[in-house]
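Following: one structure in structure tokens, then a few remarks.
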Amino acid sequence: MIGSVQRAMRLLEAAASHQDGAPAKQLARESGLALPTAYHLLRTLTHEGYLRREHGVFVLGEAAERLGASAAQQNRRSMIGDVLAHWRDAIGVPVYFAIYRDGEIEVVSIADTSGNPAVEEWADFRETGHAHAIGQCLLAQLDDEARREHLDRYPVRSLTPNTVRDERTLLRRLDALGRMAPVVEHQEYALGTVCAAIPITVGTTAATMAISVPSGQADRLMPAARILQGELGKLLRTLAFSISI
């Protein structure tokens, strides 16, 4: 163990327990450190941005706040991962959760098993939204301007013989989708795989949960999608929380 690191961490913990900050003497006492040692470590922690001194007291700095934000992000990802793992086991297929954020398709989490593996991302999911169920589901939730802007950046292109051939055809397909109907894709992104994506709208954020099965088991796709869609009301609170990741 490195003693100086342990002592510095105790000082950070002590500072974090005081919302309005605390002076060096108090932090030294609460950390069980000699005052000269505390002063030395406080100067170092302040220099590195983990603490800052304001009006004679020490409060957490930007570097410590970034650590806290990262921990919160990991916790939220863990929560959504647990939800996906539950439904992966319940319906026996890979389960995905994705959102559309800052003009990009972002797959937040995937739950699969070696026996039921997820689709291999052989072509960047962000750039091929026209071809997979996740992307089509998210694009369908956007307004016309946002949808066309996305397709200007990531034009329609052929990935398999089943991929939609041009932007006009894709837009017609997206316009024809029912508001809450699952989006189904048959080997448009990857040969040998069929997928379904369920739209989720929370506020102004487009999101989706999706599943995939081998094309030889296509008859399992819609029954599994309907089960998942029927449970979305119970999942919505966790999913909405996770959208803030």
Salt bridge (Lys or Arg N to Asp or Glu O under 4.0 Å) involving [X] - partner list, sequence neighbours excluded:
X	answer
R43	none
E13	none
E185	none

request  = Evaluate the side-chain contact (heavy atoms from CB on, under 4.5 Å) criterion for residues R88 and I91: first the C-alpha distance (whole Å), next the side-chain angles of each, then the deciding distance (0.1 Å), finally the verdict.
outcome  = CA-CA 6 Å; R88 173 202 63 201; I91 59 182; over 6 Å; no
Verify the cluster assignment for [X] and [Y]: are they in a single hydrophobic cluster under the rule of side-chain heavy atoms below 4.5 Å apart?
X	Y	value
L151	F125	yes
V194	L191	no
F58	L35	no
L221	M180	no
L142	L138	yes

Donor-acceptor pair between [X] and [Y] side chains, under 3.5 angstrom:
X	Y	value
R29	Q26	no
Y154	E104	yes
H130	E188	no
R165	S158	yes

With rounding to the nearest 0.5 angstrom, report the [atom1] to [atom2] distance, [X] to [Y].
X	Y	atom1	atom2	result
I198	L228	CD1	CG	4.0 Å
Q141	L177	CD	CG	10.0 Å
E48	Y50	CD	OH	7.0 Å
L84	I110	CG	CD1	9.0 Å
D219	Q217	CG	CD	7.5 Å
H132	C195	NE2	SG	9.0 Å

Side chains of [X] and [Y]: closer than 4.5 Å at any heavy-atom pair?
X	Y	answer
L33	L41	yes
V107	F97	no
R7	S31	no
L12	M9	yes
V213	T193	no
T208	P199	no

Please check if the number of heavy atoms outside [X] that lie under 6.0 Å from its [atom1] is greater than 12.
X	atom1	answer
R126	CZ	no
E54	CD	yes
R153	CZ	yes

Salt-bridge present ([X], [Y]; N to O < 4.0 Å):
X	Y	answer
R147	E145	no
R172	D166	no
R148	E167	yes

[X] side chain to [Y] main-chain N or O, any donor-acceptor pair under 3.5 Å?
X	Y	result
T113	N116	yes
Y189	G129	no
D112	P94	no

task = Show your working on side chain to side chain donor-acceptor pair (under 3.5 Å) between S212 and Y96 and close with a plain yes or no.
result = CA-CA 9 Å; S212 63; Y96 312 72; 2.7 Å; yes
query = Would V156 and L170 satisfy side-chain contact (heavy atoms from CB on, under 4.5 Å), going step by step from the backbone distance to the final call?
reply = CA-CA 8 Å; V156 171; L170 174 67; 3.8 Å; yes
Least distance between heavy atoms, [X] atom then [Y] atom:
X	Y	value
T160	Q187	OG1-O, 2.6 Å
A15	L51	CB-CD2, 3.7 Å
R157	A123	NH2-CB, 4.4 Å
A14	S17	O-OG, 2.6 Å

query = For the residue pair Y100 and H150, is the inter-centroid distance of their aromatic rings smaller than 6.0 Å?
reply =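 Ring-ring flag for Y100/H150: true, centres closer than 6.0 Å.
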message = For H86 and V83: C-alpha separation, side-chain torsions, deciding distance, then whether side-chain contact (heavy atoms from CB on, under 4.5 Å) applies.
response = CA-CA 5 Å; H86 168 77; V83 168; 5.8 Å; no
request  = May I have the step-by-step check of side-chain contact (heavy atoms from CB on, under 4.5 Å) for V57 and D20, ending in yes or no?
outcome  = CA-CA 8 Å; V57 299; D20 298 322; over 6 Å; no
key: Test applied, side-chain contact (heavy atoms from CB on, under 4.5 Å); reference residue, H18; option that passes from L27, V59, L60   =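 Between H18 and the candidates, side-chain contact (heavy atoms from CB on, under 4.5 Å) is satisfied uniquely by L27.
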